[in-house]
Amino acid sequence: MNRTASIYVHFPYCLEKCPYCDFVSYKTERSAIDHRAYTDAVLAEMDARADSARTRTISTIFFGGGTPSLWEPRELGRVISGASERFDVASDVEITVECNPTSLDAARAESLARAGVNRLSIGVQSLQSSELKFLGRLHDAAGAVAAVRAALSSPIERVSADLIFGLPNQDPADAAAQAIALADLGLDHLSCYQLTIEPKTRFGELAKIGRLPLADDGAVAEAFLAIDEALAARGFGHYEISNYARPGQEARHNLGYWRGEEYLGVGCGAYGFARTAGGGVRWRNQILPDKYMQHARDSTLESEDLDPGALLRERIMLGLRVSGGFDLAAAGIDLGVDPFTAERNRTIDTLTARGRLEREGTRLSIPRAAWLFTDDTAARLM
């Protein structure tokens, strides 16, 4: 059977490193980025990894970072063309580029469209000046709105925006109002993420010594529910814990992750995942740009073999994030493992009785009223 897979391309350069970000990214002046050399390295890595995805149909290509909208569109387009030359790319492939408002205007959006991009994801994060300053963002609210409008007026077919909630002293009603303001610009997709404090970040360092203001858990939960209610009223489906879309506008690339599909990760710091006869393998690339470009054909920094049991646990964790849940029996058949152990069955019964889980045949899902407890629910089933 010819499975579908995705390609993830990582671009590691940013104009500034946000204090909450733990992705592989490096503060770099525009003039210091060697666009052509980095593109050549990504294409060389694609050549080296071609066998791992040659029998797969590529349904999505996602450029993440870092700030991929800094990448010269002509060079980014070479990557898109290179993927089409090396792999079986679907005719309706979804091609997404993550953008920051500081590197996206009408001309850049037009150039990305000519390169083959058909979806943009814009890191708005907030429409409040004080919040943007706290988050270390380089743009202001007006710049964010201008970038969204430029994207929407471009030939790019689909546009999404990111919003962060759960900020200190943030009124839940204001978080919802910001989501509404973005939706009313004409967006069909919004990703609304709770601020998470990662240990190896500037925010993580400040939190460790008690110098970072944090939002109250109750206020964070209220903001989550307020955004959910506000976007539902605007016709958005809450199809995944952090993602909202009008019908048919769901992010296909991310849905692939949540369904446990394979993804070819290329670029500095990228992760990739491929199925094997005995389970799967996940790899991570070199995290230093210069070292990655020097060794692109042998770029793996580390790899991990995953047995079917580990893959099933991941399917549970990711599958329960989606509103419709997932079919546990089908996952077991796909992975060659019996998912309905006596202990898991008891846990399913207990969680169902408590209203934390719903079961319809072999399909498991989390009721909307219990989405705030998704991580704990998934952990109990793993």
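As the structure is a prediction and not an experimental result, all values here were calculated from the model. For this chain, numbers begin at 1 and follow the sequence in order.
A pairwise comparison of heavy atoms in His10 and Cys268 identifies CD2-O, 2.8 Å as the closest pair.
In terms of modelled atom types and a separation under 3.5 Å, the side chain of Thr347 and the main chain of Glu343 share a donor-acceptor contact. Side-chain N or O atoms of Arg363 include one that pairs as donor or acceptor with a backbone N or O of Gly324 at under 3.5 Å. Although no hydrogens or angles enter the test, the distance criterion places no donor-acceptor pair under 3.5 Å between the side chain of Arg321 and the main chain of Ile316. Thr300 places no side-chain N or O within donor-acceptor distance of the main-chain N or O of Asp298, the cut-off being under 3.5 Å. The closest donor-acceptor contact from the side chain of Gln170 to the backbone of Gly166 lies under 3.5 Å. Of the possible polar contacts, none joining the Thr67 side chain to the Leu70 backbone as a donor-acceptor pair under 3.5 Å is found. Remark: the backbone N or O of Arg297 is not paired with any side-chain donor or acceptor of Glu45 at under 3.5 angstrom. Counting only distance, with no hydrogens or angles, the side chain of Asn285 and the backbone of Gly267 share a donor-acceptor pair below 3.5 Å.
When ring centroids are compared, Tyr239 and Tyr244 stay outside the 6.0 Å threshold.
Among the candidates Leu372, Thr377, Leu351, the single residue satisfying the side chain to side chain contact (heavy atoms under 4.5 Å, CB included) test with Ile366 is Thr377. For the salt bridge (charged side-chain N to carboxylate O under 4.0 Å, His left out) criterion with Glu262, the lone passing option out of Arg282, Arg275, Arg56 is Arg56.
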Contacts under 3.5 angstrom, residues 203-216 side chains, donor-acceptor by atom type, not counting sequence neighbours:
{"from": "Glu205", "atom 1": "OE1", "to": "Arg202", "atom 2": "NH1", "distance (Å)": "3.4"}
{"from": "Asp216", "atom 1": "OD2", "to": "Gly218", "atom 2": "N", "distance (Å)": "2.8"}
{"from": "Asp216", "atom 1": "OD2", "to": "Ala219", "atom 2": "N", "distance (Å)": "3.3"}

Could you tabulate the donor-acceptor pairs under 3.5 Å formed by side-chain atoms of residues 147-155, not counting sequence neighbours?
{"from": "Ser153", "atom 1": "OG", "to": "Arg149", "atom 2": "O", "distance (Å)": "3.1"}
{"from": "Ser153", "atom 1": "OG", "to": "Ala150", "atom 2": "O", "distance (Å)": "3.1"}
{"from": "Ser154", "atom 1": "OG", "to": "Ala151", "atom 2": "O", "distance (Å)": "2.7"}
{"from": "Ser154", "atom 1": "OG", "to": "Ile156", "atom 2": "N", "distance (Å)": "3.1"}

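Side-chain contact between Cys14 and Ser25 is present, with heavy atoms from C-beta onward closer than 4.5 Å. Arg74 places none of its side-chain heavy atoms less than 4.5 Å from the side chain of Thr39. Side chains of Tyr257 and Ser6 form no contact here, defined as non-hydrogen atoms less than 4.5 Å apart. A heavy-atom distance below 4.5 Å is not found between the side chains of Tyr193 and Tyr20. Looking at Pro101 and Ile122, their side chains come closer than 4.5 Å, going by heavy atoms from C-beta outward. Contact check for Met46 versus Val79: side-chain heavy atoms found under the 4.5 Å cut-off. Put simply, the side chain of Glu98 does not reach to within 4.5 Å of the side chain of Ser69, judged on heavy atoms. At a threshold of 4.5 Å between non-hydrogen side-chain atoms, the residues Ser242 and Ser191 do not count as touching.
Take Ala329 and apply the side-chain contact (heavy atoms from CB on, under 4.5 Å) test, not counting sequence neighbours, and it matches Asp327, Phe340, Thr362. A search for salt bridge (Lys or Arg N to Asp or Glu O under 4.0 Å) contacts involving Asp228 returns Arg368, not counting sequence neighbours. When the salt bridge (Lys or Arg N to Asp or Glu O under 4.0 Å) test is applied to Asp184, the partners found at least two apart in sequence or on another chain are Arg234. A search for side-chain contact (heavy atoms from CB on, under 4.5 Å) contacts involving Glu94 returns Thr60, Thr96, Asn118, Arg119, Arg158, Arg252, His253, not counting sequence neighbours. Trp371 pairs by the ring-ring contact (aromatic ring centres under 6.0 Å, His included) definition with His238, not counting sequence neighbours. Every residue meeting the side-chain contact (heavy atoms from CB on, under 4.5 Å) condition with Leu138, not counting sequence neighbours, appears here in chain and number order: Leu15, Glu16, Thr102. Under the rule for a ring-ring contact (aromatic ring centres under 6.0 Å, His included), the partners of Phe63 that lie at least two apart in sequence or sit in another chain are Trp71. Every residue was checked against the ring-ring contact (aromatic ring centres under 6.0 Å, His included) condition with Phe326, not counting sequence neighbours, and none meets it. Here Glu72 pairs with His35, Glu75, Arg108 under the side-chain contact (heavy atoms from CB on, under 4.5 Å) rule; sequence neighbours left out.
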- Message: Walk me through whether Ser81 and Arg78 qualify under side-chain contact (heavy atoms from CB on, under 4.5 Å).
- Response: CA-CA 5 Å; Ser81 297; Arg78 285 179 60 210; 5.7 Å; no
- Task: Take Glu250 and Asn243, measure what side-chain hydrogen bond (donor to acceptor under 3.5 Å, both in side chains) needs, and give me the verdict at the end.
- Result: CA-CA 8 Å; Glu250 296 81 4; Asn243 287 274; over 6 Å; no
- Message: Between Ile7 and Val9, does the side-chain contact (heavy atoms from CB on, under 4.5 Å) criterion hold? Intermediate values first, please.
- Response: CA-CA 6 Å; Ile7 295 176; Val9 186; 3.8 Å; yes
- Message: For Ser160 and Leu187: C-alpha separation, side-chain torsions, deciding distance, then whether side-chain contact (heavy atoms from CB on, under 4.5 Å) applies.
- Response: CA-CA 6 Å; Ser160 175; Leu187 293 171; 5.9 Å; no
- Going through the distances and angles, do Ser365 and Glu360 end up as a side-chain contact (heavy atoms from CB on, under 4.5 Å)? CA-CA 8 Å; Ser365 61; Glu360 184 175 346; over 6 Å; no
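Between Asp334 and Arg3, at least one side-chain nitrogen of the basic residue sits less than 4.0 Å from a carboxylate oxygen of the acidic one, meeting the salt-bridge criterion. Taking the charged nitrogens against the carboxylate oxygens, Asp88 and Arg54 have no contact shorter than 4.0 Å, which rules out a salt bridge.
Annotation for Asp22: atom CG counts as buried by contact number, over 12 foreign heavy atoms lying within 6.0 Å. More than 12 heavy atoms of other shown residues, nucleotides or ligands fall within 6.0 angstrom of atom CD in Glu358.
Summarising the hydrophobic clusters (Ile, Leu, Val, Met, Phe, Trp, Tyr; side-chain heavy atoms under 4.5 Å, direct or chained), the residues clustered with Leu288 are Val24, Tyr26, Ile287, Leu301.
One hydrophobic cluster, built from ILVMFWY side chains closer than 4.5 Å, holds both Leu255 and Leu190. Note: the hydrophobic cluster containing Ile58 also contains Tyr8 (ILVMFWY, side chain heavy atoms under 4.5 Å, direct or indirect links). Transitive grouping of hydrophobic side chains (ILVMFWY, heavy atoms separated by less than 4.5 Å) keeps Leu135 and Val124 in distinct clusters.
Remark: the Glu240 side chain and the Asn254 side chain contain no N/O donor-acceptor pair separated by less than 3.5 Å. Counting only N and O atoms by type, the side chains of Ser111 and Arg114 include a donor and acceptor under 3.5 Å apart. A side-chain donor from one of Glu131 and Gln178 sits under 3.5 Å from a side-chain acceptor of the other. Using modelled atom types and a 3.5 Å distance limit, the side chains of Gln294 and Asp290 yield no donor-acceptor pair.
Between Tyr38 and Phe11, the ring planes are perpendicular. Angles over 60° get that label, and only those under 30° would be called parallel.
Atom-to-atom distance recorded for Asp349:CG and Arg346:CZ is 9.5 Å, nearest 0.5 angstrom.
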